[in-house]
A.B. asks: 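Let me begin by handing over the structure; questions about it come next.
A note on names: the letters A, B, ... follow the listed sequences, proteins ahead of strands, and every chain is numbered from 1.
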Protein chains: 2
Amino acid sequence: MSARATDERSGARSTHRAVPREKALTRQAEDYLKVIYEIEQGGSPAATTDIAEQLGIAAASVSGMLQRLARLGLVKVERYRGARLSASGRLIALQLIRRHRIIESFLVTKLGYGWDDVHEEAERLEHAASADLVDRMADALGNPTADPHGAPIPTAAGRVDERRLSSIADLPIGARARVVRMSDRDPELLRYLKKRGIVPGAILRLVEREPFDGPISLTVGRAKQSIGATAAAAVYVEKLARTDR
Amino acid sequence: MSARATDERSGARSTHRAVPREKALTRQAEDYLKVIYEIEQGGSPAATTDIAEQLGIAAASVSGMLQRLARLGLVKVERYRGARLSASGRLIALQLIRRHRIIESFLVTKLGYGWDDVHEEAERLEHAASADLVDRMADALGNPTADPHGAPIPTAAGRVDERRLSSIADLPIGARARVVRMSDRDPELLRYLKKRGIVPGAILRLVEREPFDGPISLTVGRAKQSIGATAAAAVYVEKLARTDR
DNA sequence: GAAATAAGTTAGTTCGTACTAACTTATTGT
DNA sequence: ACAATAAGTTAGTACGAACTAACTTATTTC
């Protein structure tokens, strides 16, 4: 394959590297692995269309890339049936997620970024930051176990809490719950929720739910709120017994 | 051109951006601009071979890319005669250099990186960091005007001290000089020089120079040193009058 | 000033990553 | 059970960015 030039993190032009590293992936390939991981967390293999939608590209492009990733041993593809990560693909995905979440934490804690506004920046930096840098950031933060949105940070070895949480949308009426984490995707939505007191750690009770994805009423502290189904689906909670704290 | 996928910093998949930004360049294109800028600092247009050598690629590849950059209005190419940056190309190059130097400073000051070991990391991050992030880093550092190697940091608007410095290699015998900056390229070389007390701010006197690129003898403080021509060429100094401090 | 050498360019190829259009396989609703 | 629809794949194309080989233009040297 020789030293052709799409190798990014390997630093082809920087001098004196004894060990050549095991061939860096492109940014795109990394992104595929990450979204496949995320989709797989839902329980089933990642469908072509779902991957395409997450990445904002055409389904046909995904078919092509999946073959390449399969050739590299990073995913297993069953034709017409979706992809799942191999062990090595999974490790890479988790390392990326680790990077992403540590970078987000660092930006918020050390550089004054808003909680709701770091996703995009981290999305780019995660592909450029070395493992060493990420470890240093983690150290500077005291090795946190969750990012500012409450998402767990995988270890360098790829261990992570994969417990499935239910979202507000799934909560039965009357239930009390603690907000554990929320999706970091949409800054607008995060700002909206924050303004309503819905942040990791908040305790809320579900009061009522209108049918047909209608508004959901809940109390946060002693304030009453009513939010839409889409917003509710982005908030993950842990159910509390009536007696809890 | 539609939303094809080589746009990096524009964040095609992240939502809610009102102003679409003026079309991000690829990493490679940015690197070309930076290298051209650096070569041009030597006084003449950047020759194809020089660019190729700096980037570690074949000269033929450079010919191709120069045409693309010319088409984008970032360089002016005279056939068989080299390239120079246009005003807009220059601005981009300077913004990259600004990023690079601020990132290096940040890594050293805030994350405990060695002075001699940040180049490679910065080289990758400079393409991923947003202007906002870089400004925040600069603020956190108190808006420094030089990076850890003594290189001046351009302003966001692209102003920078372009004064040409002489290197130790050009110094006349007997001259006293203060080290202003040194090339950040080679960590090994930097470590070597640091161990000998040759760092930005150090005062030295040139004692003797052997011909044919032979060793150069100098005093640093009261220690005597003898270094090779290559090492000497990486150290830039400011001549001092005998009376200066 | 012509021959030798160095520098630069063009042509043709490859690979990654996207695209659209056309086709095939699965799933679903009656 | 089978037609309609949805999901997925292949084929063909484009572009960026690299490569080698062959050729052209500049520069140097005798």
A.B. asks: Rounded to the nearest angstrom, tell me the gap between atom CD in E53(B) and atom P in dA18(D).
C.D. replies: 16 Å
A.B. asks: Check the distance between dG16(D)'s P and Q28(A)'s CD and give it to me in whole angstrom.
C.D. replies: 14 Å
A.B. asks: Closer than 4.0 Å, any side-chain N/O of S61(B) to the OP1 or OP2 of dC19(D)?
C.D. replies: yes
A.B. asks: Taking all atoms of both residues into account, what is the closest heavy-atom pair of I168(A) and L206(A), and its distance?
C.D. replies: O-CD1, 3.8 Å
A.B. asks: Between I51(B) (CD1) and dA17(D) (C1'), how many Å, whole number?
C.D. replies: 15 Å
A.B. asks: Nearest-Å distance, CG (L55(B)) to P (dC19(D))?
C.D. replies: 10 Å
A.B. asks: Expressed as a whole number of angstroms, how long is the span from L25(A):CG to dG16(C):P?
C.D. replies: 12 Å
A.B. asks: If you only use heavy atoms from C-beta on, which nucleotide in dA18(D), dG16(C), dC19(C) is closest to the side chain of I57(B)?
C.D. replies: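 Taking heavy atoms from C-beta onward, the closest nucleotide is dA18(D).
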A.B. asks: Against R185(B), only a single residue in E123(B), Q54(B), E120(B) fulfils side-chain hydrogen bond (donor to acceptor under 3.5 Å, both in side chains); can you say which?
C.D. replies: Q54(B)
A.B. asks: Restricting to nitrogen or oxygen on both sides, can you table the protein-nucleotides 9-11 of chain D pairs closer than 3.5 Å?
C.D. replies:
from	atom 1	to	atom 2	distance (Å)
dT9(D)	OP1	Y80(A)	N	3.3
dT9(D)	OP2	T48(A)	OG1	2.9
dT9(D)	OP2	S63(A)	OG	2.8
dT10(D)	OP1	R79(A)	NH2	3.2
dT10(D)	OP2	Q67(A)	NE2	2.9

A.B. asks: Are H149(B) and H119(B) close enough that their ring centres sit under 6.0 Å apart?
C.D. replies: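 Between H119(B) and H149(B), which both carry aromatic rings, the centre distance is not below 6.0 Å.
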A.B. asks: Does atom CD of E38(A) have more than 12 heavy-atom neighbours from other groups under 6.0 Å away?
C.D. replies: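 Atom CD in E38(A) is packed in, count exceeds 12.
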A.B. asks: From dT20(C), dA18(C), dC19(D), pick the nucleotide closest to the side chain of A58(A)?
C.D. replies: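 Per side-chain heavy atoms of A58(A), the pick is dT20(C).
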A.B. asks: Specify the separation, in whole Å, of atom CG of L69(B) and atom C1' of dC15(D).
C.D. replies: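 From L69(B) CG to dC15(D) C1': 15 Å.
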A.B. asks: Between atom CE in M65(A) and atom C1' in dC15(C), what is the gap in whole Å?
C.D. replies: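 Computing the M65(A):CE to dC15(C):C1' distance gives 12 Å.
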A.B. asks: Would you call E126(B) and R101(B) a salt bridge, using N to O less than 4.0 angstrom?
C.D. replies: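 Between R101(B) and E126(B) there is no salt bridge, as every charged N stays at least 4.0 Å from the carboxylate O atoms.
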A.B. asks: I'd like to know if E162(B) pairs up with R90(B) as an ion pair, taking the criterion as any Lys NZ or Arg NE/NH1/NH2 lying under 4.0 Å from an Asp or Glu carboxylate oxygen.
C.D. replies: yes
